[in-house]
Structure formats: C-alpha cells, structure tokens
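Letters go in sequence order (proteins before strands), and every chain restarts at 1.
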2 protein chains.
Amino acid sequence: MRPTLQDVATAVGVSRSTVSNAYCRPDQLSAALRTRILDTARQLGYPGPNPTARSLRRGFAGAIGVLFTSQLSYAFTDPFAVRFLAGVAAAAERHGTSLLLVPLPTGATQARAAVENAAVDGFCVYCAADEDWALDVIRGRGLPFVTTAPPADRYVGIDERAAARSVADHLVGLGHRRVALLADTVLPEAPPGPLRLAGADAARHPTTRGRLAGFADALAAVGVDWPDITLLNATGNSRAAGAGAVAGLFAGDDPPTAVLAASDVLALGALDALGERAATVSVTGFDDVAEAAAAGLTTVRQPAEEKGRIAAELLLDPPADDAAGQILLPTELVVRTSTRPVPRS
Amino acid sequence: MRPTLQDVATAVGVSRSTVSNAYCRPDQLSAALRTRILDTARQLGYPGPNPTARSLRRGFAGAIGVLFTSQLSYAFTDPFAVRFLAGVAAAAERHGTSLLLVPLPTGATQARAAVENAAVDGFCVYCAADEDWALDVIRGRGLPFVTTAPPADRYVGIDERAAARSVADHLVGLGHRRVALLADTVLPEAPPGPLRLAGADAARHPTTRGRLAGFADALAAVGVDWPDITLLNATGNSRAAGAGAVAGLFAGDDPPTAVLAASDVLALGALDALGERAATVSVTGFDDVAEAAAAGLTTVRQPAEEKGRIAAELLLDPPADDAAGQILLPTELVVRTSTRPVPRS
DNA sequence: TTGAAAGCGATACCAA
DNA sequence: TTGGTATCGCTTTCAA
C-alpha cells in the first residue's frame with residue numbers, strides 16, 4: 001500500500017496537520033521539524049499530498065475543461081482549432097492551470113456524463129452554442145464558462161456575419177454573380193454536394209448561420225437571393241470534405257464563377273477538386289490558417305491564438321465589469337491570388 | 001450553497017447510499033424510488049455526484065496526463081506533436097478517458113509540483129527521457145507511464161539512428177560529402193548557427209543524439225567524421241529557428257552541398273533561408289509532416305497519430321506480456337524533390 | 001430493496 | 001509552533 005500523509009505523521013510522531021503544513025505552509029512549523037518530516041516522507045516513499053484529496057478538500061481542481069463540439073481527435077485536424085488551443089494553453093500556462101480535454105462520446109447520455117464528470121473549475125467551450133445541452137450541464141454544475149460565440153455572459157468571438165460579408169463583397173466587386181457557397185454540415189444528415197436551403201437561418205450551426213447570412217447579404221445587394229443561391233454541403237470540416245462537396249459542380253452548364261467557403265480548410269479542398277480549373281474559378285476561405293497563405297487563398301483573418309488566449313483569461317480571471325466579458329475580435333479581409341475578376345465570355 | 005448528495009437524501013427521506021445507487025447502480029433500487037430521487041435532485045438543483053469526491057472515493061481520476069517537455073503552448077506549434085496528440089486523443093476518446101495537458105512552469109520546483117499535483121491515472125510523456133526528473137516524480141507517485149523513446153518499461157518510438165541513417169545514406173548516395181547537420185538545441189545554451197561538437201553523444205536531447213548519430217554513421221561510411229562535420233544549432237524546433245541556424249552559412253567559400261535536418265520544421269526553415277539557392281542545395285527533413293509533401297521535402301516518415309494512439313493504448317490497457325510494451329514503429333524514407341545529385345563543378 | 005457505518009486522503013480552523 | 005477535530009462529498013461493503 002502506498003503511504004499516506006497519516007503514515008508519515010505516525011512515523012515522525014506528529015499529527016497529520018503538521019505534516020500537511022510541512023507541505024503547504026512551511027512557515028507554520030520550524031525548519032528543523034519540516035526537514036525531518038520531508039526526509040521521513042522520502043524514506044517512506046510518500047509521494048506528497050494526493051491531488052484528488054487535496055482538490056476535494058480545497059474545493060477546486062486546478063484545471064479548466066476544454067470542450068470541442070465535434071470529436072476531440074478531429075479538433076487536432078482543424079488548424080484553426082489547434083491554434084485556438086495553443087492560445088488557451090498559453091494562458092493556462094501563465095496561470096499554472098492544467099487543461100482537461102474532454103472527449104464527447106457519441107451517445108447523448110454518455111456525452112452528458114462526460115461533462116458532468118469532468119473535474120474542472122470551469123469550461124472553455126469551443127464553437128458550441130448549438131450544443132446547448134453542454135452549456136446546460138455546465139450551468140447546472142454552477143461552473144463558469146466561456147464560449148466562442150454569443151449569446152453568453154462571457155464569450156470571445158467575431159462578427160461572423162460582417163466578416164463573411166467582407167469577403168463576399170470583395171467577390172461581388174470583382175463581378176461575380178454566379179457564386180456557390182460552401183459550408184460544413186449545413187443540415188444534420190445532409191449528403192455532400194448541392195443543398196436546397198430556404199435561407200441562412202435554416203443552417204444548423206450558429207457559426208455557419210452567421211457566415212452564410214453574411215455571404216447572402218452581399219449577394220442580395222446585387223440582386224441574388226435565396227433560394228437561388230447555390231449552397232454546397234460538406235460532410236465535415238476537412239479538405240477532403242470540401243473537395244467532395246464541389247465535385248461535379250463545374251461539369252454542368254453555367255457553372256459558378258466563384259466559391260465562397262465558410263472555412264479555409266473547405267476552400268483548400270475546393271481548390272484541390274478544381275485542379276486546373278482553379279485558374280478560372282475564384283475561391284475564398286475563412287480564418288486565414290497557415291496553409292491559406294501558401295495556397296494564395298483570399299480569406300478573412302481572425303486572430304486564432306488570441307481568441308483562445310482571451311477565452312482562457314476570461315475564465316481564469318473574470319473581469320470585474322460584467323460587460324467586459326463579451327468580446328468581439330476584429331477581422332480583416334486578406335486578398336491573395338485565388339480571387340480575380342469574372343472572366344469575360 | 002450548492003446541494004450535495006446528502007441534501008437530496010434528506011429531501012427524499014432516504015439514505016445517502018440509496019441516492020448514490022440511484023446514480024451509479026440503477027439496478028440496486030426500485031425504478032419508482034429512483035425516479036423520485038432523480039426528480040427531487042433536479043428540483044433541488046443537485047448537479048449529480050461531485051467528480052472530485054467520486055474520484056477520491058473510487059481511487060482513480062478518469063484522465064491521463066500528457067507531458068510535453070517544452071512549453072505546452074509550443075507543442076501546438078509543432079505539427080508532429082499535434083498529430084501525436086491527435087492519436088492520443090483518439091485512443092482516449094475510445095476509452096472514455098479525458099486528457100489532462102499539464103503545462104510545465106520554468107522553475108524546477110514548480111515544474112515538479114505540476115507533475116505531482118496532476119489528478120491523473122497515468123502519464124503519456126512525449127519526447128522526454130532527458131526529463132528524468134519528471135519520470136522520477138511519476139514513478140514516485142506509483143503511476144504508470146509511457147514514453148516515446150527507450151529506455152522505459154513501456155515506450156513507443158522508432159529506431160532514430162537507423163531512420164536518420166536512411167536519409168543520410170540517400171544523400172551520400174547522391175554524392176554529397178560536404179553536408180551540414182541541422183538540429184534543435186543541441187546544447188542547452190548554444191547560440192544559433194555553427195556549433196563545434198565532439199560527437200553525437202554530446203547532444204543534450206536523446207532524440208537528437210540518435211538522429212545525429214545516424215547522420216554521422218552514413219557520413220563515416222564515406223570517410224567524413226566528427227568533428228569535421230558541420231553542425232548547425234537551431235534555438236527551437238521551428239521554421240524560424242531553422243532559417244536562423246543556416247543563415248550566412250552559404251555565403252562563405254566551400255559551402256555545404258546539402259543540409260540534413262533533424263526535423264521537417266527545421267528543414268523547411270532551411271529552405272526558407274536558402275531561397276533561390278534551394279535549387280542547388282539538397283535539404284532533407286525528418287517526420288514527414290503535412291507541409292513536407294507540399295514543399296517537396298525528402299524526409300523520413302514516422303507514423304505520428306499511430307505513435308500517439310499506441311502510446312495511449314499502452315497506458316489504458318497495458319499488455320499482459322511485459323515485453324509487448326516496448327514498441328519500435330517502422331519508418332520509411334520518402335524521396336521527393338528537395339534532394340538531387342551533387343552538381344558537377 | 002434499503003440503510004448504517006466506515007472510510008478515501010487531505011486541509012483548516014481554533015485551541016493549547 | 002503544534003495537535004485535535006470537523007469536514008470536503010461520495011462509494012461501498014455488509015447487515016437488516
């Protein structure tokens with residue numbers, strides 16, 4: 001059996017409190033006694049206070065939970081998510097707090113249980129909002145949390161709609177009218193490829209809703225409206241899914257002259273699928289991940305690490321002023337070579 | 001005050017055990033009573049059993065710790081580390097276990113404390129071995145652990161030396177003799193750029209030692225030996241550091257005809273720094289991360305996710321057979337366009 | 001099917 | 001400076 005604090009106390013011939021003090025309140029006992037206690041502990045093979053017991057007694061865990069809506073292992077596939085996480089880690093690091101990455105099992109009950117059982121002092125919820133159940137569980141536990149989108153008491157996001165409109169305006173300004181929108185999992189079970197949608201509001205995920213709405217705003221300004229807009233559904237936020245969604249679209253008559261993607265990853269996938277044709281079709285992304293620059297992708301930049309860092313900070317030292325917890329970060333249109341004027345035909 | 005299990009018990013008029021059973025042993029009480037308990041709990045706002053208390057009582061945390069030697073936020077900068085983590089996450093996900101990412105503060109005492117205080121059931125130690133202190137703390141706590149390199153009871157690594165030799169042999173086969181080796185933090189405080197080293201064994205980090213030794217093996221086979229080998233030190237495993245290390249090297253007389261880097265990231269940095277000259281100098285990497293393919297980098301592939309996945313599995317369900325815990329994964333030389341025969345001059 | 005009692009391993013107050 | 005005592009919130013035999 002691994003020795004406990006009590007064993008050390010017995011061995012030294014002092015009380016538990018004194019041993020405890022030797023570890024976390026050196027000033028509460030004489031240096032000599034402390035040394036004696038620590039030495040004995042070492043001899044006994046006592047590994048120091050049990051973290052779980054300490055957490056229970058002290059009432060906090062020393063870790064914050066990070067919740068990704070999709071499968072945890074997918075999060076590492078998404079370059080934007082990784083940079084967000086890097087930001088969270090940087091803040092946690094400075095604060096001396098650990099990060100608990102909680103995988104969400106597929107079953108609803110089990111996913112709830114995962115959030116219920118996380119030994120953390122708060123949550124950083126990436127990209128949820130649709131995942132209301134998770135927020136409910138967190139609220140139920142009385143834990144503080146930060147999301148990456150409004151509405152919430154504390155969030156750090158961007159103005160999705162305005163940002164999306166900025167790229168779309170750019171494209172419209174280049175003369176594009178036949179434009180396809182490309183987004184991930186627009187409707188829960190939708191197949192890859194063209195999807196009929198009444199409007200942006202019908203999209204399942206709030207982020208997607210915002211971006212599609214922004215795209216549509218720009219198109220509406222030049223007379224292109226739902227449901228005439230071509231919407232392409234990707235079954236996942238990955239390059240492959242992006243490629244899959246646009247496949248075949250340009251084979252028919254009267255193909256679009258541009259693709260507005262709701263993420264860089266999807267846009268890069270679209271470029272993959274376009275191959276040679278990429279020279280004539282304009283494509284835009286969203287996020288400005290590292291790969292975007294290399295591919296010459298026109299996109300909207302949002303500060304990724306910053307978002308994660310601020311989210312974690314909002315959680316770790318909450319602002320005194322309530323209103324200060326609702327943050328919209330600036331975005332910036334980054335024009336590269338993947339967009340050009342509509343070819344005259 | 002947040003209600004506890006006891007409060008629910010009191011409210012319903014049953015004992016704590018019964019409430020506990022309602023949560024974790026539904027078969028131990030009548031459905032009717034269970035429903036009554038759960039309903040009351042909801043009314044009271046009881047969030048379910050406290051995870052920390054449960055962990056303490058049950059004796060396990062339901063999480064595994066992940067330890068990166070460098071700063072945690074840097075880990076997300078390294079594409080190989082990210083893929084490793086993705087593998088770990090995939091295994092954890094399947095196992096219903098969370099991942100605790102533990103940041104290591106800079107101070108020695110504090111770093112120890114971070115490992116001592118992690119409420120986990122075991123550790124996945126990425127790339128350590130030199131970080132013996134961490135392994136000592138983990139052993140002291142009596143927790144199981146897996147590393148990414150021997151020696152250890154359980155590890156999943158590659159034959160660094162042989163893998164390194166395979167790229168180096170390729171380069172030597174192309175006629176290169178004046179070759180510069182490029183590695184990260186070869187000696188603790190070394191400045192960026194050329195570094196005099198007696199031999200591979202002098203390198204600080206075991207992984208670096210293995211790779212440099214493999215490179216040197218190939219060179220030795222054609223009569224090039226330490227300390228005549230040009231070694232370039234990068235101050236960090238990043239593209240920028242790679243670029244910084246090779247800067248100026250090709251300005252002088254008799255520059256190397258090739259650069260053997262200990263990681264893809266460094267190699268890509270070298271290519272950045274070479275610019276135009278990259279067409280005449282051969283460069284190789286190590287790992288085969290995604291960016292390597294795009295850049296046409298010749299490199300050694302090692303299965304990244306696989307490594308993480310297996311490491312986590314080794315931890316989560318340890319093999320009955322002790323010897324089965326020591327795994328060397330296969331590697332593969334991937335020849336692309338960044339290497340070519342020595343130009344005749 | 002339900003309950004009583006005994007911890008899990010530690011911390012913090014207050015008194016000595 | 002040290003020790004006694006209560007408690008953190010829950011799970012788990014074992015007996016009723």
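Each of Ile64(A), Leu316(A), Leu315(A) was scored for a side-chain contact (heavy atoms from CB on, under 4.5 Å) with His95(A), with one residue passing: Leu316(A).
Distance, Arg16(B) CZ to dT2(C) P: 18 Å, rounded to whole Å. For the pair Arg57(A) CZ and dT7(D) C1', the computed distance is 5 Å after rounding to whole Å. Between the CD atom of Glu116(B) and the P atom of dG9(C) there is a distance of 18 Å, given to the nearest Å. In this structure, Gln28(A) places its CD atom 13 Å from C1' of dG3(D), rounding to the nearest Å. Leu5(B) has its CG atom 16 Å from the C1' atom of dT7(D), to the nearest Å.
When each of dT2(D), dT12(D), dC8(C) is scored by its nearest atom to the side-chain atoms of Arg58(B), the top-ranked nucleotide is dT12(D). Closest approach to the Ala53(B) side chain among dC10(D), dT11(C), dG9(C) is made by dC10(D) (side chain taken as heavy atoms from C-beta onward).
Checked by atom type and distance alone, the side chain of Glu93(A) pairs as donor or acceptor with a backbone atom of Leu72(B) at under 3.5 Å. Judged by distance alone, with hydrogens and angles left aside, the side-chain atoms of Asp7(A) form a donor-acceptor pair with the main-chain N or O of Thr4(A) at under 3.5 Å. For the pair Arg154(A) (side chain) and Leu314(A) (backbone), a donor-acceptor distance under 3.5 Å is present.
Counting any heavy atom pair closer than 4.0 Å across all strands shown, Arg2(B) reaches no nucleic acid atom. Leu29(A) comes within contact range of the sugar-phosphate backbone alone, with a heavy-atom separation under 4.0 Å but no base atom that close. Nucleic acid contact for Phe60(B): none, since no nucleic acid atom lies under 4.0 Å from a heavy atom of the residue.
Regarding contacts with the backbone of dG9(D), every side-chain N or O of Tyr23(B) stays at 4.0 angstrom or more from both OP1 and OP2. Between Arg54(B) and dT11(D) there is a side-chain polar atom (N or O) within less than 4.0 angstrom of OP1 or OP2. Residue Thr18(A) has no polar side-chain atom (N or O) positioned under 4.0 Å from OP1 or OP2 of dT2(D). Between Arg34(B) and dT1(C) there is no side-chain polar atom (N or O) within less than 4.0 angstrom of OP1 or OP2. Residue Ser15(A) has no polar side-chain atom (N or O) positioned under 4.0 Å from OP1 or OP2 of dT2(D). Remark: Ser30(A) is in phosphate contact with dT2(D), judged by side-chain N or O atoms under 4.0 Å from OP1 or OP2. Between Arg25(B) and the phosphate of dT12(D), there is a side-chain N or O to OP1/OP2 separation shorter than 4.0 Å.
Taking a 6.0 Å sphere around CG of Asp322(A), one finds it holds 12 or fewer heavy atoms contributed by other residues, nucleotides or ligands.
Evaluation of atom-type donor-acceptor distances gives a pair under 3.5 Å for the side chain of Ser17(A) against the base of dG4(D).
Judged by closest nucleotide on DNA chain C, Gly13(B) is the one of Gly13(B) and Ser20(A) placed further toward the 5' end. For the pair Leu56(B) and Asn21(B), nearest-nucleotide mapping onto DNA chain C gives the more 5' position to Asn21(B).
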